[in-house]
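Have a look at the structure below, then the notes.
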2 protein chains.
Amino acid sequence: MQTPSLPISAIAESATASFQPLYEQIKSLITRSLVSQEWKPGEAIPSEMDLAKRYGVSQGTVRKAVDALANEYILVRHQGKGTFVATHTAPSQQYRFLRVRDDSGEVVHPTTSFIGLEKVKADAGIAAKLGVRVGTTIATVQRVLIFAERPLIFDQIHLVNAEFGGLTMAALEASRGSIYSYLETTYGTRMIRAEEKIKSVAADKVAAKYLNVRVGAPLLSIDRVAYTYGDKPVEWRRGLCLTDGYSYFNELA
Amino acid sequence: MQTPSLPISAIAESATASFQPLYEQIKSLITRSLVSQEWKPGEAIPSEMDLAKRYGVSQGTVRKAVDALANEYILVRHQGKGTFVATHTAPSQQYRFLRVRDDSGEVVHPTTSFIGLEKVKADAGIAAKLGVRVGTTIATVQRVLIFAERPLIFDQIHLVNAEFGGLTMAALEASRGSIYSYLETTYGTRMIRAEEKIKSVAADKVAAKYLNVRVGAPLLSIDRVAYTYGDKPVEWRRGLCLTDGYSYFNELA
DNA sequence: GAGTGGTCTAGACCACCCC
DNA sequence: GGGTGGTCTAGACCACTCT
């Protein structure tokens, strides 16, 4: 059969000029359920057969949609068990976006030392990066990441407060893990993607103090905007990183 | 039918303990033809139906293998025309691995100024990175990349000479494009993947001279090993990069 | 054994390109 | 019109997990 019973959005879809494959529509529908937290990080989603019935398409089409989401690390498949909403809480996933490793390529798990948390009003620069109005309340976290006893990264992390109300220093310190895993378990918001801009800068007084180097020492400045489901930006951070014995690793394909 | 006529390698395969899906085997067979240059960069490979007949599998299985290779930018599909071996020669692909853009994210196409070419014997460090024996002849190219009239990157590029015999300054200068597109058209060797290690360093005398900055200015040091078909390393380079008005962009997923 | 995802096949029709 | 890749379906069997 070539013309399947169409999913809910199909009628609206066919009215638009741009053609969208069925599996893309299914992908959007699944994403919608993730945004609405029908299925939360760590939980199993319905089986492929069930989803096929629900959306009125074949199992193969659901499979293609799930394949795409699994490639983006939004879902995770486990043969014989089911398909799960991806999570940052597993130890191996705690620092999924951290590309700094020791020079040999060995992954080093850092510990965190929190410095402070304050709520500020967004200026034009940060408002643009986070897609909010100027003056929106932003939570700013300062911390140092320590690799093998050495302070290596000084982070300033800016979060949209509306998304993460009630964030406190005490809670962060108690969480003892990565910020992302805390935000995920507490607010159900998972970072699925990020963009980084890297520069080489000289250490200023503040960075020099926290990283224990002289003013003027060369550091990596790593700017990051992180996005949650539906490509919504929710975090902007700047990390200043010492690269003495450590490097930023990247794969190009 | 569940048991298809098996591809050539299947008998050997079934004897080994590790199971490999058919489409992975097809992928290897296609890769083998790329390594042997049966199909060269820019050329079309046989249609999916033809490949299916050739390997004795269904079109769907060939499709899955080609899908994987297309995702790795090793092959490129064109609906209605065919599937082609990917190439670095198209203008948009000339600088596929170059992640330096101006701060707004705009792609800037640099021009090249070659400084010199010499052939040297590999020391232990470079031999390890390129997977060759110590003492193997290496061609070392020095150049500066110029972005909007400004010298921004000073590169030292090391190539396995055996792979690229007869490389001359004159040929490089005449090529007027990226090194990769020259190597690809001249030697049929295409870079399919690369790994970079980034540090922040202070400019030394040489870099300061070529980049027109003071000694000690902070620069990105970008180390790269590039691999061709079959994950064979053939190039190691170090670029020293000014990040004044420009940044290194990265996508994390 | 029942249920899940993983692989493979066979055949249909669509969208695109070129003759 | 004929060939190419792109989408979708239907059904089979395999591999893994849990009970």
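In what follows, every heavy atom counts, from backbone to side chain, and hydrogens, waters and symmetry copies are set aside. Within every chain, numbering begins at 1; the chains are lettered A, B, ... in the order of the sequence lines, protein sequences first and strands thereafter.
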Mind checking what makes ring pair (Phe, Tyr, Trp, His ring centres under 6.0 Å) contact with [X], not counting sequence neighbours?
X        : result
A/Tyr246 : A/Phe147
B/Tyr95  : none
A/Trp236 : A/His158

Quiz prompt | Pairing residues for B/Arg63 by the salt bridge (charged side-chain N to carboxylate O under 4.0 Å, His left out) criterion, not counting sequence neighbours | solution =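 Scan of B/Arg63 (salt bridge (charged side-chain N to carboxylate O under 4.0 Å, His left out), adjacent residues dropped) gives B/Glu48.
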
Quiz item: What pairs with A/Glu173 under salt bridge (charged side-chain N to carboxylate O under 4.0 Å, His left out), at least two apart in sequence or on another chain?
Solution: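 Not a single residue meets the salt bridge (charged side-chain N to carboxylate O under 4.0 Å, His left out) criterion with A/Glu173.
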
Quiz prompt | Nearest-neighbour nucleotide for the A/Glu48 side chain, C/dA10, C/dG6, D/dT9 considered | solution =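 Selected nucleotide (nearest to the side chain): C/dG6.
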
Self-check item: Stretch residues 72-93 of chain A: residues that reach within less than 4.0 Å of DNA chain D through a heavy atom
Solution: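 When residues 72-93 of chain A is checked for heavy atoms under 4.0 Å from DNA chain D, the hits, listed by number, are A/Gln79, A/Gly80, A/Lys81.
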
Under 4.0 Å between a side-chain N/O of [X] and OP1 or OP2 of [N], yes or no?
X       : N     : value
B/Ser47 : D/dT4 : yes
A/Lys64 : D/dT7 : yes
B/Arg63 : D/dG5 : no
B/Tyr23 : C/dC8 : no

Taking atom [atom2] of [N] as reference, at what distance in whole Å does atom [atom1] of [X] sit?
X       : N     : atom1 : atom2 : value
A/Leu51 : C/dG3 : CG    : P     : 17 Å
B/Tyr55 : C/dT9 : OH    : P     : 14 Å
B/Leu22 : C/dT9 : CG    : C1'   : 11 Å
A/Lys53 : C/dG3 : NZ    : P     : 10 Å
A/Met49 : C/dG3 : CE    : C1'   : 11 Å
B/Gln59 : D/dT7 : CD    : C1'   : 11 Å
B/Ile26 : C/dT9 : CD1   : P     : 8 Å

Quiz item: With sequence neighbours left out, what residues match A/Lys81 under side chain to side chain donor-acceptor pair (under 3.5 Å)?
Solution: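 Scan of A/Lys81 (side chain to side chain donor-acceptor pair (under 3.5 Å), adjacent residues dropped) gives none.
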
Quiz item: What pairs with A/Glu251 under side chain to side chain donor-acceptor pair (under 3.5 Å), at least two apart in sequence or on another chain?
Solution: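 Applying side chain to side chain donor-acceptor pair (under 3.5 Å) to A/Glu251 gives B/Arg193.
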
Self-check item: Terminal axes of the helix from C/dG1-D/dC18 to C/dC18-D/dG1 (five pairs each): angle between them, nearest 10 degrees
Solution: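 Answer for the end axes of this duplex: 10°.
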
Quiz item: Side chains of B/Glu235 and B/Tyr180: is there a donor and an acceptor less than 3.5 Å apart?
Solution: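 Per modelled atom types, B/Glu235 and B/Tyr180 side chains form a pair under 3.5 Å.
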
Practice problem: Decide, yes or no, whether a salt bridge links B/Lys232 with B/Glu163 under the criterion of side-chain N to carboxylate O below 4.0 Å. | Solution: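 Yes, this pair counts.
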
